[in-house]
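A short worksheet on the structure shown next.
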Amino acid sequence: MCVGVPSKIVKIDDYMATIDVEGAQREVSLLLLNEDVKVGDYVIVHAGFAIQKIQEEDAKENLRLMKKIFGIEEVPPFSGKSRKKRKALGS
Amino acid sequence: MKEIIKKIENLMDTISRPIKLMEVCGTHTVAIFKHGIRDIIPGEITLLSGPGCPVCVTAIKDVDIAIAISKMNGNILFTFGDMMRVPGSKHSFYQAQAEGANIRIVYSPMDALEFALKNKDRKVIFFATGFETTSPSIAGTLFEAEKADAQNFYIYSTHKLVPPALKALLDSGEVRIDGLILPGHVCTISGSKPYEFLVSEYKVPSVITGFEAEDIIQGIMMLLEQIASNKPSVEIQYKRAVRKEGNPKALSFINEYFEPCDAKWRGIGIIPMSGLKLKDKYNRWDATKEFNIDVPEPREPKACQCGFVLRGIKIPTDCPLFGKTCTPERPVGACMVSSEGSCAAYFKYGRWGK
C-alpha cells in the first residue's frame with residue numbers, strides 16, 4: 001500500500017508533471033511537494049502525487065531494487081524510441 | 001553487506017539474548033520475505049509483522065457500508081486495487097461488483113475526480129484507505145475538487161494513523177518488543193517527531209527504515225546498536241527520503257481537510273484517535289454524511305487469529321485457519337486480505353519458519 005516509486009520528471013506543466021519510470025509515463029501532481037523541482041529531478045510518487053524529492057543516484061538504486069523486490073514485469077526496459085504511455089507502478 | 005552482517009553478529013554476541021524486532025509496514029513485510037532477510041540474520045533475531053497494512057485493518061463495517069452506497073442508484077465507488085478482496089460481512093468489493101455493484105479500481109484518487117468531472121450526472125465516491133503516506137493524496141484531490149467545484153464527488157475515509165496503533169500495541173504489554181523498524185514512506189510525510197514518544201515514554205529503540213535489502217539490514221544493525229548500548233532513540237536510516245520534519249506541505253494538506261477520530265481496526269478493535277475523518281467544514285465531500293447509511297454490526301470471523309498476529313503475539317502459522325479455510329484467494333481474516341498482510345506474505349513465500 002505504501003509503495004513509493006522513484007520517478008524521473010520529464011515535463012512540468014504548472015503543478016502537474018509527466019514522470020518516466022523506465023519508459024512508462026504518466027501524469028502526477030506536484031501539489032504536495034515542499035520544494036521546487038525541475039525537469040530531470042527524481043521524486044517519490046505515491047497514488048498519483050509526488051511526495052518527496054530525492055537524489056538521482058538514490059532514485060536509480062531504489063528503482064533497481066523495487067523491480068527486484070516486487071517483480072514488476074509490466075514495465076518494459078528503458079528505450080528512448082518507444083516510450084508507451086501506461087500506468088505507473090503500484091499504489 | 002557482509003560487513004554489516006558481521007557487525008550484526010558481533011552486536012548479538014554483546015547483547016547475548018534473543019531479540020524481537022517488529023516492522024509495521026506491509027511494504028517491509030513483503031521486502032523482508034523477498035530479500036530473504038530472515039535467512040541472513042542470526043537466528044536469535046525474530047522479525048514480527050505488526051499492524052502495518054492499512055487495507056488489511058479496514059473494518060468489515062466500512063466495507064459493508066461502502067458496498068451499500070455503491071448499490072444506490074447512479075453511484076459509482078472508486079478505490080485502490082488492494083481493497084478489492086477485503087471481505088465484508090457478506091461480500092468483498094470484487095464479489096459485490098460481480099453482483100452488479102458499481103465499483104471500479106483507480107491508481108490515483110485524481111482519476112476518480114476526473115471521472116466525476118466528466119460525468120456530472122453520477123455521484124462518484126472514492127473509498128479512501130491508507131496511512132499517512134496516502135492521506136495527503138486524498139487531501140490534494142479534495143483541494144482539486146474544490147477548485148473545480150465538483151458537486152458530485154465524495155470521500156469515504158477509512159484513513160488510519162500509525163503512531164496511535166503503536167501506542168495501543170505497547171500499552172497492551174502483551175508482547176515484548178526490543179525494537180521497531182518504522183515505516184519509511186509513512187515517515188516521508190510525517191517525519192520522525194510523531195514517533196519520539198516511543199523513546200520518551202516506552203524506551204523502545206526505533207529506526208525509520210527504507211525498503212531495499214541494504215536498508216533493512218542497516219536498519220536492523222542500527223536497532224541492535226541502540227539495544228547494545230542501552231540508548232534508545234528515533235533514528236532515520238532512510239535519509240534519502242525522510243527528513244526529521246517530514247513533508248510540511250503534505251502535512252498541511254492533511255490538517256486542512258482531516259482531523260483525528262477514533263477508528264476501528266479489523267482484528268484489533270477501536271483504537272482512540274487512530275483514524276482520520278473529514279473536518280465538519282468539509283461535510284459536503286463526506287460520503288458518510290451524504291448517504292447516511294447504517295448496516296448491522298458485523299461479527300469478526302470465528303477462530304481467526306489475526307488480532308493476535310497483528311499484535312505480534314502469534315505468527316500466521318499458529319492460526320488453525322491459515323492455508324486451509326483462509327487463503328489469499330478466499331481470505332477470512334485481516335492479515336490475509338492484501339498481498340502486504342503478514343499471513344498473505346507467509347502464504348505466498350512458503351516461509352512457515354521462525
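Here the structure is a predicted model, which is why all the values come from computation and not from measurement. Each chain gets a letter, A, B and so on, in the order its sequence line appears, and its residues count up from 1. Just so you know, these numbers use all the heavy atoms, side chains as well, and skip hydrogens, waters and symmetry mates.
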Task: Stepwise side-chain contact (heavy atoms from CB on, under 4.5 Å) test for B/E144 and A/L31 - done: CA-CA 10 Å; B/E144 297 294 348; A/L31 190 66; 3.8 Å; yes
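- Of the atoms belonging to B/E132, not a single heavy atom falls under 4.5 Å from chain A.
- If you measure heavy-atom distances from B/S252 to chain A, you find no contacts under 4.5 Å at all.
- Counting heavy-atom pairs closer than 4.5 Å to chain A, the top residue among B/P183, B/G52, B/G140 is B/G140.
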TODO: Begin from the C-alpha positions of A/E27 and B/M110 and carry the test side-chain contact (heavy atoms from CB on, under 4.5 Å) through to its verdict.
DONE: CA-CA 10 Å; A/E27 301 257 292; B/M110 286 294 286; over 6 Å; no
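- Taking CD of A/E35 as the reference point, atom CZ of B/R243 lies at 5.0 Å (rounded to 0.5 Å).
- Test B/T27, B/V30, B/D82 against A/V3 for side chain to side chain contact (heavy atoms under 4.5 Å, CB included) and you get one pass: B/T27.
- Contact record, B/N247 with A/L33: ND2-CA, 4.3 Å, taken as the closest heavy-atom pair.
- Within a 6.0 Å radius of CG in A/D36, other residues, nucleotides and ligands contribute 12 heavy atoms or fewer.
- Within a 6.0 Å radius of NZ in B/K147, more than 12 heavy atoms belonging to other residues, nucleotides or ligands are found.
- The shortest side-chain heavy-atom distance between A/F49 and B/P136 does not fall under the 4.5 Å cut-off.
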TODO: Might you work through the side-chain contact (heavy atoms from CB on, under 4.5 Å) test for B/H185 and A/I44, ending with a clear yes or no?
DONE: CA-CA 9 Å; B/H185 288 135; A/I44 294 179; 4.0 Å; yes
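- Contact annotation for B/S338: neither backbone nor side-chain heavy atoms come within less than 4.5 Å of a heavy atom of chain A.
- The part of B/P54 that comes within reach of chain A is its side chain, from C-beta onward, which places non-hydrogen atoms under 4.5 angstrom from that chain.
- A donor-acceptor pair shorter than 3.5 Å can be found between the side chains of B/T134 and A/H46.
- With rounding to the nearest 0.5 angstrom, the CZ atom of B/F143 is 10.0 Å from the CG atom of A/L32.
- The contact between B/T129 and chain A is made by backbone and side chain atoms together, counting heavy-atom distances below 4.5 Å.
- Of all non-hydrogen atoms in A/A47 and B/S108, the two that sit nearest each other are O-OG, 3.0 Å.
- With rounding to the nearest 0.5 angstrom, the CD1 atom of A/I51 is 6.0 Å from the OG1 atom of B/T133.
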Open item on the list: Evaluate A/Q52 against B/I189 for side-chain contact (heavy atoms from CB on, under 4.5 Å), listing each step before the verdict.
Closed with: CA-CA 8 Å; A/Q52 189 69 274; B/I189 302 296; over 6 Å; no
